[in-house]
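Notes follow once the structure below has been shown.
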There are 2 protein chains.
Amino acid sequence: MTTMKDVAKHAGVSKATVSRVLNKKGYVSKEAEASVLKSIKELNYQPNSVARSLYHKTSGMIALVLPDISNPFFPELARAVEDVALAYGYTVVFCNTDEEIEKEKRYFEALQQKYVDGIILSTSSQAPDEYHKLDLPLVALDRFLGENIPTVVSENKRGGELATQHLLDNGCKNLAHLRGPEGVGPAEDRLEGFRKVVSKEKCSYTVRTAGFDMERAKQETYKLFQDKPDIDGIFAGSDITAAGALHALSTLGKKVPEEVKVIGFDGIPLGQMFVPGITTMEQSIYDMGALAARLLIKQIEKKPIENYIHEFPVHLVVRGTTEEVMT
Amino acid sequence: MTTMKDVAKHAGVSKATVSRVLNKKGYVSKEAEASVLKSIKELNYQPNSVARSLYHKTSGMIALVLPDISNPFFPELARAVEDVALAYGYTVVFCNTDEEIEKEKRYFEALQQKYVDGIILSTSSQAPDEYHKLDLPLVALDRFLGENIPTVVSENKRGGELATQHLLDNGCKNLAHLRGPEGVGPAEDRLEGFRKVVSKEKCSYTVRTAGFDMERAKQETYKLFQDKPDIDGIFAGSDITAAGALHALSTLGKKVPEEVKVIGFDGIPLGQMFVPGITTMEQSIYDMGALAARLLIKQIEKKPIENYIHEFPVHLVVRGTTEEVMT
DNA sequence: GTATAATATGTAACCGGTTACATGTCAAGA
DNA sequence: TCTTGACATGTAACCGGTTACATATTATAC
């Protein structure tokens, strides 16, 4: 590896001058600059970013902390973050916490020691205070961590309302909501939306906790129909949950959408791969990830942030599980 | 941030002694050690890994270079890599190249400047020589890059054979293979397996390129049945491709598995979420990722590697798209 | 009792950049 | 002609660790 010293010697100048050329800072004569640039080329010099980090106390790295990249909701988010990061010259480190506090803490320690410039959090295991203690630029993505942390979320409550309304509009009389994990913001908000609509419309309903897990959703659906065989509309807390429900319904011999209608949430690609396609409340997953990354980089670069809460609209995407549509 | 200097002062020793305590290297008296440890606690000192990196020319980071994390094959792989990395104290940086040489090159530059300790490559855009020039520990994952680069792959050819044979065993007479992208190793190997069986069995067959893309697979399937309406068995190059085919078949009104049987490849979770479940050649995705990470770390830590080529067996998982099974 | 080895610790250089500061040149302005 | 400031460049300290080397003390051996 050629270092700045080598370049300096080769160009017949001091390290300082080389540095000035590289950073376009301070005064450098045309001749010196030309000479340095030539030497850089000839020696194929690449500045060492670790040395730079040490001095500047920044690393050009941002971390993406999420529960589990193999949950299909996250890859697209991660992809968006990485695309934006790349465009701005940042590198993305990713951390799967499985929502375990211990793992999260270990990551935070390691990340701080590496001078990561900021963190995007899609988990919420710890108390908000902990996050502030980090004294690092943060962005909350798909979670809410506190007033003064920039936040990017979907209109989950409204989505819950719209999804529920969609079932009712399609003639469902007995609704079930397979809700996401307790304590997880978006899941709570979707439930709230569901509650709001069913109580206003005074229709019969039930709520079961299915996490965001396909297998569990399947089991809960079996139980659900054991208890309440007349359910004709299911609002699943996620598309994965919907897939689980559809599985169970298929086994139970219930026809979708004729006998039971199902709507999911998220708008992950899985939904349109399914046959029939899963009706869902689509989130702008990629855009959310991209915005989160941009908000983080803004903070890192000390640029002002106008809004702290960014709520993305959700869109009803009607597919085969609620209406018989042409494919 | 407290530094070693602070700790040294507080403990009444020199930086060198603090370093010795931290690294358990060289001679340190019991008293000095106790004093240093106490100071470390009291000052809540955390060593700065950037400074350490600068001296050691290593970073404790490994990079995972893949085409696109939002391709459902990769999240599980990434997860496995990250799990192992975490266990060994490494951090994972991830890089989506979209199989573009330019992107890949930019990443490599950035990674070298950051002293990444090694790279796991699930892409193959560049010529093998380029990879050797890096002079960094490498592991090829799901791709073959050269004899002397440790490689972790599935038995793709054998998988192709087994999948094809499974269709024949189930009575298919007119086969189609929706092959993966040209030039991509696993896709070529699966095709080779397909060819081997169909030519031996002398059955009618056709091959279409569908990439690993659902929409394209759908379109190719439409075209396929336009040309050859009597196709009764489809070997899709990936589960995503299979999903696309199933979509098209549903639209075409072809009954699966009665009229047409479909088998995919990969064993991604999508397959079992589907109704009917997608029969597939299952790869040990997680195990492959985990092994790749271990092989990389072995190289980084200069431990001997016994085998350079690791071929994981594939397993036929029979689901609803080839046989009518109980769910 | 002296040579020798093991133990203990500090000093300073180094990793590869960045930059405050000192110094020097040269041209414009008084 | 002398002052002043823009321009140019080098020296050295610094970021926060690590370690070769020097030095000092104590224990062991002969």
Side-chain angles (χ1 to χ4, degrees), chain A residues 1-40 43-61 89 91 109-117, chain B residues 1-40 43-61 89 91 109-117:
Chain A
M1 264 280 126
T2 42
T3 73
M4 218 159 96
K5 208 168 141 190
D6 303 328
V7 174
K9 191 175 295 172
H10 189 271
V13 297
S14 72
K15 285 202 305 178
T17 301
V18 176
S19 178
R20 288 191 190 102
V21 171
L22 281 166
N23 301 304
K24 302 188 206 309
K25 250 184 199 172
Y27 298 112
V28 181
S29 65
K30 306 266 166 295
E31 304 81 55
E33 184 179 3
S35 167
V36 167
L37 290 175
K38 186 160 155 271
S39 299
I40 287 177
L43 300 178
N44 189 28
Y45 166 74
Q46 294 190 334
N48 177 317
S49 49
V50 174
R52 217 181 226 142
S53 285
L54 182 58
Y55 187 89
H56 284 121
K57 299 185 196 298
T58 64
S59 62
M61 298 192 303
T91 302
E109 267 185 29
L111 295 173
Q112 276 194 304
Q113 291 176 12
K114 289 196 155 63
Y115 283 149
V116 285
D117 298 338
Chain B
M1 263 277 128
T2 42
T3 73
M4 219 160 98
K5 208 168 142 191
D6 303 327
V7 174
K9 191 175 295 173
H10 190 270
V13 297
S14 72
K15 285 201 307 177
T17 301
V18 177
S19 179
R20 288 190 190 102
V21 170
L22 282 166
N23 301 304
K24 302 188 205 307
K25 249 187 200 168
Y27 298 112
V28 180
S29 66
K30 306 266 167 292
E31 305 81 53
E33 184 178 4
S35 167
V36 167
L37 290 175
K38 185 159 156 276
S39 300
I40 286 176
L43 300 179
N44 188 29
Y45 166 74
Q46 293 189 334
N48 178 318
S49 48
V50 174
R52 215 181 228 142
S53 284
L54 182 58
Y55 188 90
H56 284 120
K57 298 183 197 297
T58 64
S59 61
M61 298 192 301
T91 302
E109 266 184 30
L111 295 173
Q112 276 193 304
Q113 292 176 12
K114 288 195 155 64
Y115 283 149
V116 285
D117 298 338

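Not measured: the values here are computed from a predicted model. To find a chain, count down the sequence lines: A is the first, B the second, and so on, and within it residues start at 1.
The shortest distance between the side-chain N/O atoms of A/Thr3 and the OP1/OP2 oxygens of C/dG16 is not below 4.0 Å. Between B/Tyr27 and C/dA8, a side-chain N or O to OP1/OP2 separation shorter than 4.0 Å is absent. Here B/Thr17 reaches the OP1 or OP2 of C/dG10: one of its side-chain N or O atoms lies under 4.0 Å away. Applying the 4.0 Å criterion to OP1 and OP2 of C/dT18, one finds that A/Asn23 has a side-chain N or O inside that range. OP1 or OP2 of D/dG17 has not a single side-chain nitrogen or oxygen of A/Tyr115 nearer than 4.0 Å.
If you take CG of A/Leu22 and P of C/dG17, they are 9 Å apart, rounded to a whole angstrom. Taking atom CG of residue B/Asp6 and atom P of nucleotide D/dG16, one finds them 9 Å apart after rounding to whole Å. Taking atom CD on B/Glu31 and atom P on C/dA8, their separation rounds to 8 Å, with Å as the unit. Between B/Tyr55 atom OH and D/dT18 atom P the separation is 9 Å, expressed in whole Å. Counting to the nearest Å, the P atom of C/dT18 and the NE2 atom of A/His56 are 6 Å from each other. Rounded to whole Å, atom P of D/dC15 lies 18 Å from atom CZ of B/Arg52. Taking atom CG of residue B/Asn48 and atom P of nucleotide D/dT18, one finds them 10 Å apart after rounding to whole Å. Rounded to an integer number of Å, the gap from CD of A/Gln112 to P of D/dG16 is 14 Å.
No hydrogens or angles were tested; on distance alone, nothing pairs the side chain of B/Lys5 with the base of D/dG17 as donor and acceptor under 3.5 Å.
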> Tell me, for nucleotides 21-28 of chain D in 5' to 3' order, what letter each nucleotide earns: B for a base near a protein heavy atom under 4.0 Å, S for only sugar-phosphate near one, - for neither?
Replying inline: --------
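Checking each of A/Thr17, A/Ile40, A/Val36 against A/Leu22 for a side-chain contact (heavy atoms from CB on, under 4.5 Å) leaves exactly one that passes, namely A/Ile40.
Between B/Tyr115 and B/Met61, the closest side-chain pair of non-hydrogen atoms is not below 4.5 Å. Between B/Asn48 and B/Met1, the closest side-chain pair of non-hydrogen atoms is not below 4.5 Å. Looking at A/Asn44 and A/Thr2, their side chains never come closer than 4.5 Å, going by heavy atoms from C-beta outward.
A/Lys57 comes within contact range of the sugar-phosphate backbone alone, with a heavy-atom separation under 4.0 Å but no base atom that close. Within the nucleic acid shown, A/Ser19 comes within 4.0 Å of at least one base atom, counting heavy atoms only. Among the heavy atoms of the strands lying under 4.0 Å from A/Val13 are primed sugar atoms or P, OP1, OP2 only; no base atom is included.
In this structure, NE2 on A/His10 lies 6.5 Å from NZ on A/Lys38, to the nearest 0.5 angstrom. Between the CZ atom of B/Arg52 and the CE atom of B/Met4 there is a distance of 9.0 Å, given to the nearest 0.5 Å. A distance of 4.5 Å separates CD in B/Gln46 from CD in A/Glu109, rounded to the nearest 0.5 Å. A/Lys25 NZ to A/Ser19 OG: the interatomic distance, rounded to the nearest 0.5 Å, is 8.0 Å.
Residues A/Lys30 and A/Lys15 each lie close to DNA chain D; by heavy-atom proximity, the contact nearer the 5' end of the strand is made by A/Lys30.
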